[in-house]
J.: 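The following block contains the structure, expressed as structure tokens.
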Amino acid sequence: MDLTQKILKLKKEKKAIILAHNYQRPEIQDIADYTGDSIELSRKAMQEKDAELIVFSAVDFMAESAAILNPSKKVLLPCLGARCPMAQMLTVDEIKRAKKQYPNAPVVLYVNTLAACKAECDVCCTSANAVDVVKSLDSETVLFGPDKNLAEYVSEQTGKKLIPIPENGFCPTHLLFQPEDVTVLKMQHPNAMVMVHAECSSEMRKVADFIGSTSKICRFAKESNTKDFIVGTEDGILHRLRKENPNKNFYLAYEGAICPNMKLTTLDRLYAALKEEKHVINVPPAVAKKARASLDRMFEI
Ligand code: 13P
Ligand code: SF4
């Protein structure tokens, strides 16, 4: 049996489901039961009533969200080192300081945060729903973290004042994109549409035809009549885009846009995780309860 067959056999025996984020390596996406964006996957897991084990091929905060939303299932992160650097940029102390300074401003946190931070906010959001979440709030001033670029984008879309916490949170991978690279690609593919993730800089947003989350980018490409696309998000998404749209062309706006943490999950590590049931994601119950409430408020919106 090759490694893929061994994983599939073990998966069946253990009543496990494998979830893979859109940035995972192609072979991980291909073996997964579902590929999707950060929160879509946790919701899929909630619908899988018979599954006992969730192998979450992604980064730390995504597996934590799955554990919070699926308390009766065991959630595994195949590689413990797979941590989102942006999620590490915000601390609970920072949130408390900001709340003291702006006591009337609600706190909205991007799901790219650790559970302890989610527990301190009023409502969570993803890049797919951040605009709707902020629009739904009564307040004209909102504390928003940890992505400053997403905060800027949401502020542009809603006309509200978003105060970034921390002052300068960012995704190191999305920061690599430069509009000059898009200009060069546009000369080669003049009819191409430019799709960028909302974590990109304002300079990148200005040259974009479409701005959204990973799942929204996939949907846009599928529904569009355009044949050529320049892509301003992590390289892993190209696999899904090409698989779903075999007659369309996708060009990464910057070849080096690779999230090293997302690439830590390999088939070997996935197999070891499934076999040894490691690494179990445990969120302290008190934190999980409060973080769940922040996620549930987002789902209600
Ligand atoms: P999505 O929610 O769009 O999948 O984004 C998560 C992420 O980490 C983007 O860098
Ligand atoms: Fe975090 Fe950026 Fe990697 Fe997404 S691409 S997981 S935001 S570091």
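Each ligand, and each atom within it, is numbered from 1 in the order the structure gives. The first residue of the sequence shown is numbered 1, and numbering continues consecutively from there.
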J.: Looking only at protein heavy atoms, which one is nearest to atom 3 (Fe) of ligand 2, and what is the separation?
T.: C259 SG, 2.4 Å
J.: For residues Y34 and E48, is any side-chain donor paired with an opposing acceptor at under 3.5 Å?
T.: yes
J.: Would the number of heavy atoms belonging to other residues, nucleotides or ligands and lying under 6.0 Å from CD of E167 be above 12?
T.: no
J.: Would you tell me whether Q88 and D60 have side-chain atoms, one donor and one acceptor, within less than 3.5 Å of each other?
T.: yes
J.: Just to verify, which of D30, N22, T35 counts as forming a side chain to side chain donor-acceptor pair (under 3.5 Å) with H239?
T.: D30
J.: Tell me every residue that passes side-chain hydrogen bond (donor to acceptor under 3.5 Å, both in side chains) with K275, counting only those two or more places apart in sequence or in another chain.
T.: none
J.: Tell me yes or no: between the side chains of H174 and T233, is some donor less than 3.5 Å from an acceptor?
T.: yes
J.: Which ligand 2 atoms are under 4.0 Å away from a heavy-atom of E199?
T.: 2 (Fe), 7 (S)
J.: Nearest protein heavy atom to atom 4 (Fe) of ligand 2, by residue and atom, and its distance?
T.: Y23 CE1, 4.0 Å
J.: Are V92 and F61 connected in a single hydrophobic cluster, I mean Ile/Leu/Val/Met/Phe/Trp/Tyr linked by side-chain heavy atoms less than 4.5 Å apart?
T.: no
J.: With a heavy-atom distance limit of 4.0 Å, tell me whether N261 approaches ligand 2 through its side chain, its backbone, both, or neither.
T.: neither
J.: Where's the contact between M86 and ligand 2, heavy-atom distance under 4.0 Å: side chain, backbone, both or neither?
T.: side chain
J.: Among all protein heavy atoms, pick out the one at the shortest distance from atom 1 (Fe) of ligand 2; state its residue, atom name and that distance to 0.1 Å.
T.: C84 SG, 2.4 Å
J.: To which protein heavy atom is atom 8 (S) of ligand 2 closest, and what is the distance rounded to 0.1 Å?
T.: P85 CD, 3.4 Å
J.: Using the rule that two of Ile, Leu, Val, Met, Phe, Trp, Tyr join whenever any of their side-chain heavy atoms come within less than 4.5 Å, decide whether Y271 and I17 are in one cluster.
T.: no
J.: Do me a favour and list the nearest non-hydrogen protein atom to atom 2 (Fe) of ligand 2 with residue, atom name and distance?
T.: C171 SG, 2.3 Å
J.: Between the side chains of N249 and D228, does any donor sit under 3.5 Å from an acceptor?
T.: yes
J.: Identify whether the distance between the nearest side-chain nitrogen and carboxylate oxygen of E64 and K118 falls below 4.0 Å.
T.: no
J.: Which of the numbered atoms in ligand 2 are under 4.0 angstrom from any heavy atom belonging to N112?
T.: 7 (S)
J.: Mind listing the N or O contacts between ligand 1 and protein, cut-off under 3.5 Å?
T.:
from     : atom 1 : to   : atom 2 : distance (Å)
ligand 1 : 2 (O)  : S38  : N      : 3.4
ligand 1 : 2 (O)  : S38  : OG     : 2.6
ligand 1 : 3 (O)  : S127 : OG     : 3.4
ligand 1 : 3 (O)  : H197 : NE2    : 2.9
ligand 1 : 3 (O)  : T214 : N      : 2.8
ligand 1 : 3 (O)  : T214 : OG1    : 3.3
ligand 1 : 4 (O)  : H21  : NE2    : 2.7
ligand 1 : 4 (O)  : S38  : N      : 3.3
ligand 1 : 4 (O)  : T214 : OG1    : 2.6
ligand 1 : 5 (O)  : H197 : NE2    : 3.4
ligand 1 : 8 (O)  : N112 : ND2    : 3.2
ligand 1 : 10 (O) : Y23  : OH     : 3.4
ligand 1 : 10 (O) : E199 : OE1    : 2.9
ligand 1 : 10 (O) : E199 : OE2    : 3.2

